[in-house]
2 protein chains.
Amino acid sequence: MTKILQRNLYREVADRIGELIEHGELSPGERISEKQLCDRFGVSRTPLREALKVLATEGLIELLPNRGARVVQLTFKKVKDTYDLMAALEGLSGELACEYISDAEISAIRKLHDTMLEHYRNRDLLPYFKVNRQIHESILAAANNDVLQETYSNLNQRVKRVRYSKKMTERYWSQAVKDHENMMAALEKRDGALLGQILRDHLCNKIEVATLAGVINPDYDKSIANG
Amino acid sequence: MTKILQRNLYREVADRIGELIEHGELSPGERISEKQLCDRFGVSRTPLREALKVLATEGLIELLPNRGARVVQLTFKKVKDTYDLMAALEGLSGELACEYISDAEISAIRKLHDTMLEHYRNRDLLPYFKVNRQIHESILAAANNDVLQETYSNLNQRVKRVRYSKKMTERYWSQAVKDHENMMAALEKRDGALLGQILRDHLCNKIEVATLAGVINPDYDKSIANG
DNA sequence: AAAAGTAATTATGAATTCAGTATTCACGAT
DNA sequence: ATCGTGAATACTGAATTCATAATTACTTTT
């Protein structure tokens, strides 16, 4: 692990800790030892503690008065709440995108879409996920709303550790592809209301939640393990 | 100004600075002097700087490397982007609220609604705004989604300094009241799709944006003054 | 042996100190 | 007179130190 050397130390540290959480190297509920992280990153406590405060604001960890920090336990309800919100934001991004998107941007997304279909036909899950994400990000970017993008990005970060780790069932996968066909059509017609509706109803998120519900302790507020 | 005495210093300081920004005591674009704020609050630089990092994460200020912090300049576009987002979140809150809300909660909101109508008839603007806000907050609470509530609260904080400061025109006001009549009806029918749609289209936010557009420099990205 | 109380240790909260960068002001050159 | 260069000053970035709260270990008592 390369030590951190310079510049905007607190932000750098915050990102690195975020990665540790995402990859499960810091377990949910686990006490975060300041000293341990300081040694790991070769940084003093000042920027590290600033990073912890920022991460708490971003919802990745929680601070207990006089008792340090711990990684947030993702409960089923928290994940569901976050996904509900993300679905609404995707819907908005669709509406806005149709207002502002250029022909060039549409054809770029069309290319991504066709590539994704190719991956689907070959059942290449990882490449499929990657292009899928690019499509959603492109629409988000076309929405031309920085606050929206920032907010979505933050929410996504919170649930990253339980995303992209589930296997699709064939049925859900084909439904998701159908959704994308409809999305593409709505986008090319620049039908914002329709695209928004499709994105809000887009099953991806709900699939994952459903999958989680099957995989994990179905208890509503019980913590769930990392992927 | 009472000095800060104890407990969760950084959070306390962040809230206080937030108030200063909201009330316009710190002007947008203005350099924030750490030393000055330290003296004002009777706090050392450590918790103060932690507070600044948090406020930057929350989008109230921005940090310039080696050049300190400044209050974010609210441009017309930023406000519009934020309002678009808040409208979407309100819509979601309406949909979710209809799923979870109890009869008791509905009648509580009905009471608020009737009180608000009373204030409208008397043209009591401030009490009207206050009850109006309580209604929206009640629906948000009934949605039973902590992440949604937290996100909405954060966005609201960013634009607080330009809200609640505009005078309603009679036409917009009566339209807003009509919207609320429809909202109330949808809520009592527990028609989530409808309530969501009404809330998304609810004119309040757009009114304010329109008002701002008339009051301020119409230049899209130009900064706007505090209320 | 178990439990409770106290001392010791460790970790967090905050202040201070040290270092590096930007800004300002003065002086000189064109 | 204006612009450019450089030294002095002020401020931010980060490390260290000091204070206080929490946890642990140990002792003592029942």
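Lettering follows sequence order; numbering is per chain, from 1. As the structure is a computational prediction, the values presented were derived from the model and not from experiment.
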Inset, instruction - Using atom CD of B:E12 as one end and atom P of C:dG13 as the other, report the distance to the nearest whole Å. - result: 15 Å

Legend entry - Nucleotide D:dT12, atom P - distance to CG of B:L64 in whole Å: 11 Å

Legend entry - Under-4.0 Å salt bridge between B:R49 and B:E34: yes

Legend entry - Interatomic distance, B:R67 CZ vs C:dA22 P [rounded to whole Å]: 9 Å

Inset, instruction - Could you tell me whether B:L52 contacts a base, only the sugar-phosphate backbone, or nothing, with contacts defined as non-hydrogen atoms closer than 4.0 Å? - result: nothing

Legend entry - For atom CG of B:L9 and atom P of C:dG13, their distance in whole Å: 11 Å

Inset, instruction - Find the distance A:L37:CG to D:dA14:C1' and express it as a whole number of Å. - result: 17 Å

Legend entry - A:E34 side chain, from C-beta outward: closest of C:dG13, D:dT12, D:dA15: C:dG13

Legend entry - Nearest-neighbour nucleotide for the A:K53 side chain, D:dT12, C:dG13, D:dA15 considered: C:dG13

Legend entry - Atom-pair distance (CD on B:E50; P on D:dT12), nearest Å: 16 Å

Inset, instruction - Would you tell me whether A:E105 and A:Y100 have side-chain atoms, one donor and one acceptor, within less than 3.5 Å of each other? - result: no

Legend entry - Side chain of A:R31 (C-beta onward), nearest among D:dA15, C:dA15, C:dA11: C:dA11

Inset, instruction - Could you tell me whether B:K160 and B:E19 make a salt bridge, using a distance below 4.0 angstrom between a side-chain N and a carboxylate O? - result: no

Please list, for nucleotides 16-19 of chain C, all pairs of protein and nucleotide N/O atoms separated by less than 3.5 Å.
{"from": "C:dT16", "atom 1": "O4", "to": "B:T46", "atom 2": "OG1", "distance (Å)": "3.4"}

Legend entry - Between D:dT23 (P) and A:R70 (CZ): distance, integer Å: 10 Å

Inset, instruction - Hey, can you tell me if B:H180 and B:H136 have their rings parallel, tilted or perpendicular (30° and 60° cut-offs)? - result: perpendicular

Legend entry - Salt-bridge contact A:E137-A:R133 (side-chain N to carboxylate O under 4.0 Å): yes

Inset, instruction - Identify the heavy atoms of A:L92 and B:D84 that sit nearest to each other, and give their distance. - result: CD2-O, 3.7 Å

Inset, instruction - Give one of base, sugar-phosphate or nothing for A:L63, where a contact means two heavy atoms less than 4.0 Å apart. - result: nothing

Inset, instruction - Send over the distance from A:R11 CZ to D:dT12 C1', rounded to a whole Å. - result: 19 Å

Legend entry - Residues B:R158, A:E150: salt bridge by 4.0 Å N-O rule: yes

